[in-house]
K.L.:
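Structure in structure tokens, see below.
Both backbone and side-chain heavy atoms feed into the values below; hydrogens, waters and symmetry mates do not. Numbers restart at 1 for each chain; the letters A, B, ... are given by sequence-line order, proteins then strands. Because the structure is a prediction, the values reported are computed rather than measured.
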Number of protein chains: 4
Amino acid sequence: MFFASDNTGPAHPQIIDALARANEGYAMGYGADAIMDRARTGLRDVFEAPEAEVYLVATGTTANSLALATLTKPWETIFCTPTAHIHEDECNAPEFYTGGAKLTLVGREDKMTAATLHAAILAEENRGVHGPQRGPVSITQVTERGQVYTLDELSALTATAHEFGLKSHLDGARFTNALVALGCTPAEMTWKLGIDAVSFGGTKNGCLGVEAVVFFDPGHAWEFELRRKRGGHLFSKHRYLSAQMAAYLEDGLWLDSATRANTACKRLTEGLRGVPGVTFDYEPQANMIFLHMPRAMHQRLRAAGAMYYVLAGDPDHGPDDEALPARLVCDWSIRDAQIDRFVELARG
Amino acid sequence: MFFASDNTGPAHPQIIDALARANEGYAMGYGADAIMDRARTGLRDVFEAPEAEVYLVATGTTANSLALATLTKPWETIFCTPTAHIHEDECNAPEFYTGGAKLTLVGREDKMTAATLHAAILAEENRGVHGPQRGPVSITQVTERGQVYTLDELSALTATAHEFGLKSHLDGARFTNALVALGCTPAEMTWKLGIDAVSFGGTKNGCLGVEAVVFFDPGHAWEFELRRKRGGHLFSKHRYLSAQMAAYLEDGLWLDSATRANTACKRLTEGLRGVPGVTFDYEPQANMIFLHMPRAMHQRLRAAGAMYYVLAGDPDHGPDDEALPARLVCDWSIRDAQIDRFVELARG
Amino acid sequence: MFFASDNTGPAHPQIIDALARANEGYAMGYGADAIMDRARTGLRDVFEAPEAEVYLVATGTTANSLALATLTKPWETIFCTPTAHIHEDECNAPEFYTGGAKLTLVGREDKMTAATLHAAILAEENRGVHGPQRGPVSITQVTERGQVYTLDELSALTATAHEFGLKSHLDGARFTNALVALGCTPAEMTWKLGIDAVSFGGTKNGCLGVEAVVFFDPGHAWEFELRRKRGGHLFSKHRYLSAQMAAYLEDGLWLDSATRANTACKRLTEGLRGVPGVTFDYEPQANMIFLHMPRAMHQRLRAAGAMYYVLAGDPDHGPDDEALPARLVCDWSIRDAQIDRFVELARG
Amino acid sequence: MFFASDNTGPAHPQIIDALARANEGYAMGYGADAIMDRARTGLRDVFEAPEAEVYLVATGTTANSLALATLTKPWETIFCTPTAHIHEDECNAPEFYTGGAKLTLVGREDKMTAATLHAAILAEENRGVHGPQRGPVSITQVTERGQVYTLDELSALTATAHEFGLKSHLDGARFTNALVALGCTPAEMTWKLGIDAVSFGGTKNGCLGVEAVVFFDPGHAWEFELRRKRGGHLFSKHRYLSAQMAAYLEDGLWLDSATRANTACKRLTEGLRGVPGVTFDYEPQANMIFLHMPRAMHQRLRAAGAMYYVLAGDPDHGPDDEALPARLVCDWSIRDAQIDRFVELARG
């Protein structure tokens, strides 16, 4: 019963196999390997974007920081939500990579809306050279609270960005979970509605550690390459990144894994929905659940070995019926039996 | 006949196997995995340094930049040679990670000496607040031209650094090749002679992509962890870095691989030494050869499929007997037959 | 009727005279001038802090940025209010000088309270290496909306900072206006209640351009000097900064000028208080007034040559009785006649 | 007898008078003052460059760093000489402002030549994404050793830069001393031969502290303004910078002051040329002399109160006839009597 994170489960065996297969003979380093050609073609095909420039890095923080640094001047501010990974979970990496840009928090919720974004943009850069200048909008899809923007919501956000001449970036650490939830294509979720750059996650969806950065405007390519190198993120034995991404895209593995994770999450949600004492903080829409459970329920689950994050309070001490918040995450490898056992334990 | 680089050959099968074995069940992310405990213990044992703090990253540029940033203030200068990787091959990564420190080039040769280092240190920081302040000394072992510092040479360098109260860092991208060449222990080549931090390479010696940063003074630990995270270099699925390093150190694989590479290089050197027209630019001491060969010899080798870098000039056009410089690198996977064939072709 | 800012009026003639007097003969550069000894002693005397290290720079943004950079690591976050100058008016200078630190906005008001500060600090750094680490608290006194923290309020803030082991910085661009309003001593408003560093403003209070940075802990001195130099803020002909500060502190000119400004502001406030249609957004406590006036009143004043900032809306077009916000600032040079004329015009 | 530096003498009385005159009434801040219009026009006239964008800052390090940061990407390297102020005397300010660019030292002499520059440029950026990329060339005129590039020499340098598509910057801290020495116009020494940006010094030539940055391509303007603001270098009471520059350019004061300094230096040079034991390290061409004098001569001069820098060795202890290097600088305020007395003392 391991629901701690989608980075704690195993990689998909097909990815491991691909690594082993990639380990034959000699291959040019630094992205000039032949497998990268396959990965690049795969990404362009998936995004229906033959002109796009695509790059591989090993972590999501890297993908976000390098993509944003390429779109942002040091004197600008990036618009994101208060729960965005780039704000809360990257130890100032965007500030570091941009050379000291600011992050402006849009609204007070997990999702931004065209209205809160519009207000936030208006509030910046009304003081000439004195204040930060307006920079790109970064949208997290799936959000850090497990919500999925609809295509209409995304369109409204990019339209707002464009109204002010701003670029937009999609933090897609859980890109495919959103895609599967929406039932749309990558193109529909990105460039067709005006996204300029995407962090396309593989790590949380069955890879060992690989993320693609996709620029629909190839004009950003060379700057990105230089930023990647000087950040230490250009792999010499690049074929092992390429192999992960190529295998991830092959035969729909990426879609299949995200579908499994979302399906598992739905099963868990439905199981818990009927359990007295469980309340959902957000309606689960992809592969993450944020809920409150009474302390006694936490104790029962944890005693039985369930792994997940209690987000506040001490699960071990206090009144039995006090509700404590928690996060449950499903990845591709969770099995139904684990889910059912969890629900059963919750029920008591 | 692939002598282009020690990052173009395959990873050792034992490393791949270790990845597959690590891919069982759940593991905490971000370095809290159980395999990291083994890797940490392995590194501390190998260095005979139970107090040392050790961290894993995926590239050599990262190991160097993060280690140096931890030892250097933005207003300081790092002392290194003109051929150092940190100067020539990292696209200003040390300048980026330190927040704008400078690199002072020591001497004009591939190796620094106590005398050239002393002179370079003396020449800095004689102008109070106006000039850069003296920062750490970074020593590359094996050098980028394939030379190995003796323990006496290293001691003289660290003694010079200490005379001015400066720290020292060892760029050990080819640490084990040097170790094997010298026949000493890691402790003897590092902390016993006063090295403060080491970039301990795995990638060039049979891993997919893993380097350890070793601080003998654990006081640097927390700052390093924060720098690693905000650089995007903390892996969520860290077990795949841990597994590489643990397997690398197990049963002497690291020593065995470096021994193979150095032995291959010796065989190649001896074979080429008798060939008319071949001159060595440096005496090969580990796994790299820098030499000049006549154009006709280059043409013969390349036509037969030999892969290596011609460092200047056009091998395809010009007089047959013009000598052109080249670099040949051996890794663990090179076989005797390839070497012998190369020598035979050189001989013509 | 010039109420646009306290940086638009003339410098005090005594400051100009001091510059002329300083222009005799030769003087060592870079802060080693004899007048700096007087300025340093003057500042230490005024703060009753003989051990304090004090430095001069030419702008308030510089004083804030360099002081904060000395107190903050790049992976930390600085706590300040949403209206703080360092957040709104320095074009990311603190982010630049700290090497990419973040600013966490405390509460939603112009003044922070111990409660909002406590909540903001608690909300950061509960995620280990992943989030920004807690850095110093920066308090603006007088606030950017013309409010003055009481000594009790300041004590509560520094006590909260200390509870978490954090340093505190006072942005005192209008330090003396606050001092005069509170009727306390500089020591009482700073180190006696736990402030670690002060930006002590001179520019807005009658100087041409000089601010002191005061560190009560001299351990910060050398780092600050290096940061000042590499920021380009160390003046070669430093005597002209020294002369301003020395003259500013002599014979109570600094107190006298701030008293004039505050008194003028009080006269203006009292004059406007009785005027129908005028509403105050904040209770004026030093030398700045934030109010709403009907459009017709704005038009009358502006037509007569009154200069001040209308903060939103178009004063020239729209209904006569629509209230538009404005800022009025008094400096030392404003005369009663101007104030009375302004009030008279407002009255209509 | 004060020959320590051209930043230790008094400002010209006309500059002080201009400050006093500027101190009348109200003036918009941040460069929007009316005097700036005069200064701007003055600079454009002097440079015969009506389209140029010009900005004022207070120090030479600032002018250089901001100008270079505007022309340089963080992954590039700036070409300059080993004696350049930006390399030796700015405590890594260019590295800081560019966000971590590198400085490549051209040749080993005080002046670069087209040949050494060509070689230095060729040696960089032959390794794709791995090495630093080629950035602008920064030329110091007058050099830090008192030498003046001829127009032909400058043309050869800018032609070399252009051959590689690189921009060029002129560090003109002593711009006018060079101009007077060459007897040419500012346009001839800058844009007519291909200079893109100039640090035009006022401080060392009779101002209190003001330097202009001149961009002949106005496309750099907005970026420069933002960089100046976030560096803390935009003065709120900007009129006091404007007044210095306007007065400096009025009635040829700038030319007159530099002529006086150069003439004084020539008198000093000629006086010392005949003195036994004096040897010149460089042929003085503007207002600085680098020479060797025997220890006894140093002792005689210093005992009589002469002020200048002894650059190495201990003037007080050692053999009488040992030659020690020194620097003598003349500014506009040096009088003939001082010079003659110095020469007389040197003669003994």
K.L.:
So which of Gly25(A), Pro94(A), Ala4(A), Ala22(A) has the largest heavy-atom pair count under 4.5 angstrom toward chain B?
P.N.:
Gly25(A)
K.L.:
Please classify the contact between Ile15(A) and chain B as side chain, backbone, both or neither, with a heavy-atom cut-off of under 4.5 Å.
P.N.:
neither
K.L.:
Taking all non-hydrogen atoms of both residues, which atom of Phe96(A) and which atom of Gly231(B) are closest, and how far apart?
P.N.:
CE2-CA, 4.2 Å
K.L.:
I want to check something: taking the side chain as every heavy atom from C-beta on, are Lys237(B) and Asn7(A) in contact at a cut-off of under 4.5 Å?
P.N.:
yes
K.L.:
Would you name the heavy atoms of Ser236(A) and Thr203(B) that are closest together and state the gap between them?
P.N.:
OG-CG2, 3.6 Å
K.L.:
When you compare the side chain of Lys229(B) with that of Thr61(A), does any pair of heavy atoms fall below 4.5 Å?
P.N.:
yes
K.L.:
Between Leu66(A), Thr62(A), Asn64(A), which shows the greatest number of heavy-atom pairs under 4.5 Å with chain B?
P.N.:
Thr62(A)
K.L.:
Go through the atoms of Leu241(A) and report whether side chain, backbone, both or neither lie under 4.5 Å from a heavy atom of chain B.
P.N.:
neither
K.L.:
Can you tell which part of Ala11(A) gets under 4.5 Å to a heavy atom of chain B, answering side chain, backbone, both or neither?
P.N.:
both
K.L.:
So do Cys91(A) and Leu226(B) actually touch side chain to side chain, heavy atoms under 4.5 Å?
P.N.:
yes
K.L.:
I'd like to verify something: which residue of Leu208(A), Ile16(A), Val57(A) has the highest number of heavy-atom pairs under 4.5 Å with chain B?
P.N.:
Leu208(A)
K.L.:
The test is side-chain contact (heavy atoms from CB on, under 4.5 Å); show your working for Thr8(A) and Tyr30(B) and say whether it passes.
P.N.:
CA-CA 9 Å; Thr8(A) 48; Tyr30(B) 303 112; over 6 Å; no
K.L.:
What heavy-atom pair brings Phe2(B) and Met28(A) nearest, and what distance separates the two atoms?
P.N.:
CZ-SD, 4.3 Å
K.L.:
Do Leu19(B) and Tyr240(A) make a side-chain contact, defined as non-hydrogen atoms from C-beta onward lying under 4.5 Å apart?
P.N.:
no
K.L.:
Only pairs of heavy atoms separated by less than 4.5 Å count here; which of Ala63(A), Gly29(A), Cys207(A) has the most with chain B?
P.N.:
Cys207(A)
K.L.:
Looking at every heavy atom in both His233(A) and Tyr97(B), which two are closest together, and how far apart are they?
P.N.:
NE2-OH, 4.1 Å
K.L.:
Mind ranking Met307(A), Glu24(A), Arg239(A) by heavy-atom pairs under 4.5 Å with chain B and telling me who comes out on top?
P.N.:
Arg239(A)
K.L.:
Given heavy-atom pairs under 4.5 angstrom as the criterion, report whether the side chain, backbone, both or neither of Ser65(A) touches chain B.
P.N.:
neither
K.L.:
Looking at every heavy atom in both Ala58(A) and Phe235(B), which two are closest together, and how far apart are they?
P.N.:
CB-CZ, 3.4 Å
K.L.:
Answer with side chain, backbone, both or neither: which region of Ser5(A) has an atom nearer than 4.5 Å to a non-hydrogen atom of chain B?
P.N.:
neither
